[in-house]
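Right, one structure below, let's go through it.
Heavy-atom basis, side chains included; hydrogens, waters and symmetry copies ignored. The chain is numbered in sequence order, starting from 1.
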Amino acid sequence: MYTIFRLVNRNLTISINPAFLLWQILFPIIYIFIAGFAYTSLIQQVPFGDKELAYPAFLASGMIGFNIMNSTLVSGIIIWNDRKYGMFEQIMSGPFTRSNYILSNICTIGIIGIVSAALIALIGYPVFFDSVDFSLITIPMIIFAAVTGSILFGSIASIIATKLRSSEGFNVILNTAFLFFAFVSTAFYPASGAPEPLKTAFYLNPLTYLVDIIRAGIFGNINEFILIEMAILVAISTILFVIATKLLTKLDF
């Protein structure tokens with residue numbers, strides 16, 4: 001356990017820097033307080049379950065899920081840099097195993113995901129406090145979304161990192177994939193007004209399930225469909241985690 005803690009500490013130390021923190025805070029603030037209120041002239045009310053949400057509240061809650069996903073880029077970047085600069089061989093020469101390495105990456109993105117979710121919830125609270133319907137399961141649902149979302153998108157980033165050695169290819173594919181996840185989802189706008197086949201694509205995107213679960217927890221709209229989305233999110237994150245783990249254990253660094 002101590003070896004995993006040492007690797008987690010190392011991952012957090014190399015990942016969390018002023019530029020990363022600025023991106024994690026400044027980007028959501030711009031979207032929530034500038035884009036959110038600017039777009040109210042076009043989008044005033046957004047349906048969510050049996051409620052009508054003001055667009056800034058809808059966007060602020062969506063940004064929690066977006067930031068969880070965005071923070072998991074750290075996993076892929078750590079693995080890719082360790083491959084490029086020979087850090088993996090140095091780590092393996094110490095009292096560490098590949099299992100320690102994999103578990104430390106999962107713990108790292110889980111910690112960053114939970115902290116990121118809490119940070120954006122605090123930033124966005126002044127925007128959606130009029131619509132919140134907190135209950136005993138609100139916090140557990142947000143933590144559930146943060147952990148499963150971190151594992152899911154962290155596994156995707158890890159899979160991409162294990163398959164590419166070119167820095168250009170790694171950055172292009174990773175950023176393109178995460179841009180697709182971001183904008184073909186309900187993070188920024190509802191699926192109800194989207195035309196087919198875009199509407200269908202929204203529900204092939206795990207980020208849609210992530211932000212729907214977060215909104216259900218915040219706005220008290222938990223129903224059978226949300227429970228199905230939770231089950232799907234767990235299933236996808238489990239499958240991708242297994243794939244990422246197998247690739248990492250077999251990878252020739």
Item to check | Polar side-chain atom of Tyr209 near backbone of Ala231 as donor-acceptor pair, under 3.5 Å | outcome: no
Checklist entry - Under 3.5 Å, is there a donor-acceptor pair linking the side chains of Ser158 and Asn105? => result no
Checklist outcome for this item: Heavy atoms of Leu207 and Phe66 approach each other most closely as CD1-N, 4.3 Å
Checklist entry - If you measure from CD1 on Ile142 to CD1 on Ile137, what distance do you get to the nearest 0.5 Å? => result 10.5 Å
Checklist entry - Is there a path from Ile29 to Phe58 through hydrophobic residues (I, L, V, M, F, W, Y) whose side chains come within less than 4.5 Å of each other? => result yes
Next on the checklist: Measuring only between side-chain heavy atoms, which start at C-beta, is Ile156 closer than 4.5 Å to Phe181?
Outcome noted: yes
Next on the checklist: Quick check for you: to the nearest 0.5 Å, what is the distance between Leu119 atom CG and Ile114 atom CD1?
Outcome noted: 13.5 Å
Checklist outcome for this item: Residue set satisfying side chain to side chain donor-acceptor pair (under 3.5 Å) with Ser61, at least two apart, ordered chain then number -> Arg215
Next on the checklist: Tell me whether Thr148 contacts the main-chain N or O of Val234 through its side chain, where contact means a donor paired with an acceptor under 3.5 Å.
Outcome noted: no
Item to check | CG on Asp212 to CD1 on Ile228, rounded to 0.5 Å | outcome: 12.0 Å
Checklist entry - Yes or no on side-chain contact (heavy atoms from CB on, under 4.5 Å) for Ile226 and Asn223, after CA distance, side-chain angles and deciding distance? => result CA-CA 5 Å; Ile226 295 298; Asn223 52 38; 3.3 Å; yes
Item to check | Tyr55 side chain reached by Gln45 side chain, heavy atoms, under 4.5 Å | outcome: no
Next on the checklist: Any heavy-atom pair between the side chains of Met69 and Leu152 that's under 4.5 Å?
Outcome noted: no
Next on the checklist: Taking the side chain as everything from C-beta on, heavy atoms only, tell me whether Phe241 gets closer than 4.5 Å to Ile106.
Outcome noted: yes
Item to check | Atom of Thr72, atom of Phe178 and distance for their closest heavy-atom approach | outcome: OG1-CE2, 3.7 Å
Item to check | Heavy-atom pair with the smallest gap, counting every atom of Ser185 and Asn205 | outcome: CB-ND2, 3.5 Å
Next on the checklist: What I'd like to find out is whether the side chain of Ile222 reaches to under 4.5 Å of the side chain of Met141, using heavy atoms alone.
Outcome noted: yes
Checklist entry - Any donor and acceptor pair, going by atom type alone, linking the side chain of Tyr101 with main-chain N or O of Ile4 inside 3.5 Å? => result no
Checklist outcome for this item: Distance col, row Phe144:CZ vs Leu210:CG, nearest 0.5 angstrom, shows 9.5 Å
Item to check | Non-neighbouring partners of Phe180 that pass ring pair (Phe, Tyr, Trp, His ring centres under 6.0 Å), sequence neighbours left out | outcome: none
Next on the checklist: For a quick test of reading the model, state the closest non-hydrogen atom pair linking Phe202 to Thr208 and the distance between them.
Outcome noted: O-OG1, 2.7 Å
Item to check | Parallel, tilted or perpendicular, as decided by the 30° and 60° cut-offs, for the rings of Phe188 and Tyr31 | outcome: tilted
Checklist entry - Given side chains that start at C-beta, do those of Tyr189 and Leu59 come closer than 4.5 Å, heavy atoms only? => result no
Item to check | Exam field: side chain Asn221 to backbone Ala216, donor-acceptor pair closer than 3.5 Å | outcome: no
Checklist entry - Closest approach of Ile68 and Ser150, non-hydrogen atoms and distance? => result CG2-OG, 3.8 Å
Checklist entry - Do you know the tightest heavy-atom contact between Thr108 and Asn11? => result OG1-ND2, 3.1 Å
Item to check | Leu179 reachable from Ile77 in the ILVMFWY side-chain graph, under 4.5 Å edges | outcome: yes
Next on the checklist: Can you confirm whether Ile218 sits close enough to Ile64 that some side-chain heavy atom of one is under 4.5 Å from a side-chain heavy atom of the other?
Outcome noted: yes
Checklist entry - Does any non-hydrogen side-chain atom of Pro190 lie less than 4.5 Å from one of Phe48? => result no
